[in-house]
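See below for the structure under consideration.
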Protein chains: 2
Amino acid sequence: MTTPTIDRQIERRLADADVRYTRGRRVVISALAEADGPRSAAELSRVIGESVPLSSLYRSLAVLEEAGVLAPHFSSPGLTRYELAEWLSGHHHHLVCICCGIVQDIEVADGLEQRLQEIVADIAGGVSFSELNHALEIEGHCAGCA
Amino acid sequence: MTTPTIDRQIERRLADADVRYTRGRRVVISALAEADGPRSAAELSRVIGESVPLSSLYRSLAVLEEAGVLAPHFSSPGLTRYELAEWLSGHHHHLVCICCGIVQDIEVADGLEQRLQEIVADIAGGVSFSELNHALEIEGHCAGCA
DNA sequence: GCTCCTTTTGATATTGATTCTCGTTAGAGT
DNA sequence: ACTCTAACGAGAATCAATATCAAAAGGAGC
């Protein structure tokens, strides 16, 4: 369930953006907060039920992404999954199942994460992009598909 | 353009899979070999022109992926980009433009790549996935969008 | 080159995720 | 409670991708 802390942070962020934190949007956030990885509109709808119609669900996801509360994630053909933005959930990486497409969050221990940051900084030094972020995706077969 | 070496490797792989290396498929491979990153069906079609209709282009991409010659890449909502599989193009990572979605390949120097491998191996050790592959995506703004 | 057989092609219809439209409803401030 | 604007929700529209199926092309044997 959504922690009170996260909920208050979202309330503040949405208020700053003049976006209302309505019932439907709270339901979406709550479902994503309970998930252990990014979820698509269809996956969320399955969990949430009919209390939020698909068209509203899609609009809520778009609005919350626009406000910086959600981040999109792409790993399966033709659909977008969403997760809480990193300033809410903490920096993490993903395990992606090649077989069924499900995505699971992983925390990386501080020491490893720091070494990763160094590598990314080294790479970013020689490149024409202005670096903002990095994502390490590890692909494999999940327990269910093994 | 497609190098003769890569072309011969693909010929052999497709022959082994009983899949013909037809004109349309050669055009697709050639366009992807010239690109400096993954490309979608629409992007390829723009380059290739009308000599390969979209329906055939999509089918070629699916067949070539099935045969292990192409690998899909997801970084923009609602579309799949393809690139030559790593056994053809070499292991590499990606720069993803947050703004326009374009993806550019990057080579990572051997030393850095080795450190990256170590980190991934460390992470994979404590996880319920059978690890097969890793991908480091660096997100930022490309030169055109900066 | 010709025949037969199988794979591939290409125009079109279809699916599925997502977005748009627009009249109705609900929130926030007064 | 009143007003004004943002949000909702049902359905239509869009767009990438897939399925269909008759016609064309590749390859093997003669």
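Remember, it's a predicted structure, so these values are computed and weren't measured experimentally. Naming: A, B, ... by sequence-line order, numbering from 1 per chain.
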Length of the line joining [X]:[atom1] and [N]:[atom2], which is rounded to integer Å:
X	N	atom1	atom2	value
L64(A)	dA7(D)	CG	P	10 Å
E11(B)	dG26(D)	CD	P	15 Å
E43(A)	dG16(C)	CD	P	16 Å
L14(A)	dA6(D)	CG	C1'	13 Å
R59(A)	dT25(C)	CZ	C1'	12 Å
L57(B)	dA11(C)	CG	C1'	15 Å
R26(A)	dA26(C)	CZ	P	17 Å
R23(B)	dG26(D)	CZ	P	9 Å

Once you apply a heavy-atom cut-off of 4.0 Å, does [X] come out as touching a base, just sugar-phosphate, or nothing?
X	result
V19(A)	sugar-phosphate
S40(A)	nothing
R25(A)	sugar-phosphate

Ignoring the backbone of S60(B), work out which of dA17(D), dT9(C), dG10(C) is nearest its side chain.
-> dT9(C)
Do any side-chain nitrogens or oxygens of Y58(A) fall under 4.0 Å of OP1 or OP2 in dT18(C)?
-> yes
On DNA chain D, more 5' by nearest nucleotide between S55(A) and A41(B) is S55(A)
Do NZ/NE/NH1/NH2 and the carboxylate oxygens of E43(B) and R81(B) come within less than 4.0 Å?
-> yes
Basic-acidic side-chain contact under 4.0 Å: R26(B), E11(B) = yes
Is the shortest heavy-atom distance from the side chain of V69(B) to the side chain of R13(B) under 4.5 Å?
-> yes
So do S76(A) and F74(B) actually touch side chain to side chain, heavy atoms under 4.5 Å?
-> no
Run the ring-centre check on H134(A) versus H93(B) and record whether the distance is less than 6.0 Å.
-> no
Assess whether one donor atom and one acceptor atom, taken from the side chain of R20(B) and the base of dG27(D), lie less than 3.5 Å apart.
-> no
Can you find a donor-acceptor N/O pair under 3.5 angstrom joining the side chain of T22(A) to the base of dA7(D)?
-> no
Specify the residue among G24(B) and G78(B) whose closest nucleotide of DNA chain C lies further upstream toward the 5′ end.
-> G24(B)
